[in-house]
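None of the values given here were measured: they were computed from a predicted structure. Chain naming here is simple, since letters A, B, ... match the order of the sequence lines and numbering starts at 1 in each.
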Amino acid sequence: QAVVTQEPSLIVSPGGTVTLTCGSSTGAVTNGHYPYWIQQKPGQAHRTLIYDTTSKHSWTPARFSGSLIGGKAALTLSGAQPEDEAEYFCLLYYSGVGVFGGGTKLTVL
Amino acid sequence: EVQLVESGGGLVQPGGSLRLSCAASGFSVSTLMKWARQAPGKGLDWVSIIFDDGRTFYADSVRGRFTISRDNSRNTLYLQMTSLRSEDTAVYYCARGHFADWGQGIQVTVSS
């Protein structure tokens, strides 16, 4: 099974911009991996922000965007808010089978 | 309103079986549905998917032991789990579509 890698932790200043990345042990991440980004806050339900690389749900704040950068899936947060402090998990699909990354703990400080 | 409610979890001995249910309301489970899990203090772990055409896929760690299915008449998704191991201990979540909606989760503990 493939291994999906994420930065363990990142720090961003309020109002700042940060990019979280999601790599694959099998090579470059492509749209064919249908990247997802899921936000988790302690005691709250999971919230999926991005699916299929760039698609947003109706509840996804405009400050979040998904893309492919340098062979990885990326989640960019532009204009970080204190409420964006959370753990973010990426998910990639390999011929129908999903694999989550280990998660990135994002601190807004 | 979309709602997903899991049930059927609990404590089971290694080698045992459990069937999780995910009762849906506000939509039909005949669509794309998924199961994921999260062990205490760990990250998310993808478990299984069933497409609207009935195709199913499983994580390597559960393939051959878990079976995903659904009953459209009951509007319920299932996860039949057999040959359970301690490493299957986790909170299990069902989810709709592109993980648009998640259940509240159900605890499964595998221990003697």
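Within 6.0 Å of NZ on B/Lys42 lie no more than 12 heavy atoms contributed by other residues, nucleotides or ligands. The local environment of CZ in A/Arg63 is crowded, with over 12 non-hydrogen atoms from other residues, nucleotides or ligands closer than 6.0 Å. More than 12 heavy atoms of other residues, nucleotides or ligands lie within 6.0 Å of CZ in A/Phe64, so this atom counts as buried by the packing criterion.
For a residue to count as touching a neighbouring chain, one of its non-hydrogen atoms must lie under 4.5 Å from one of that chain's; by this rule B/Tyr93 touches chain A with the side chain only. Residue contact with chain B, scored on non-hydrogen atoms closer than 4.5 Å, involves the side chain of A/Gln40 exclusively. For B/Ala95, no part lies near chain A; criterion is any non-hydrogen pair under 4.5 Å. Only the side chain of B/Ile49 comes within less than 4.5 Å of a heavy atom in chain A; its backbone stays farther off. With a threshold of 4.5 angstrom between heavy atoms, B/Gln38 approaches chain A through side-chain atoms but not through N, CA, C or O. For B/Asp45, the part lying under 4.5 angstrom from a heavy atom of chain A is the backbone only. Residue contact with chain B, scored on non-hydrogen atoms closer than 4.5 Å, is absent for A/Ser58. Within the 4.5 angstrom heavy-atom criterion, only side-chain atoms of B/Arg63, from C-beta onward, approach chain A.
Contact detail for B/Trp102 and A/Ile38: the closest heavy-atom pair is CZ2-CD1, 3.8 Å.
Taking the six-membered ring where the residue is Trp, B/Trp46 and A/Tyr93 present perpendicular rings, their angle passing 60° and hence far from 30°.
Linking ILVMFWY residues whenever their side-chain heavy atoms come closer than 4.5 Å, directly or via other members, leaves A/Leu92 and A/Leu20 in distinct clusters. Linking Ile, Leu, Val, Met, Phe, Trp and Tyr residues whenever their side-chain heavy atoms come within less than 4.5 Å leaves A/Leu49 and B/Leu44 in two separate clusters. A continuous path of ILVMFWY side-chain contacts below 4.5 Å connects B/Val47 to B/Leu77, so both sit in one hydrophobic cluster. Cluster annotation: A/Tyr88 is connected to A/Leu10 through the hydrophobic network of ILVMFWY side chains, with a link wherever side-chain heavy atoms come within less than 4.5 Å.
In terms of heavy-atom pairs under 4.5 Å with chain B, the best-connected choice from A/His46, A/His57, A/Arg47 is A/His46.
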When the side chains of residues 99-109 of chain A are checked against the rest of the protein, which donor-acceptor pairs come out under 3.5 Å, sequence neighbours left out?
unit_1	atom_1	unit_2	atom_2	d
A/Thr104	OG1	A/Gln6	NE2	3.4
A/Thr104	OG1	A/Glu7	O	2.5

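Residues B/His98 and A/Thr48 have side chains not in contact (no heavy-atom distance under 4.5 Å, counting atoms from C-beta outward).
Taken to the nearest 0.5 Å, the CZ atom of B/Phe99 stands 13.5 Å off from the OH atom of A/Tyr51.
For residues 68-112 of chain B, the set of pairs meeting the disulfide (SG to SG under 2.5 Å) definition, not counting sequence neighbours, comprises B/Cys22-B/Cys94.
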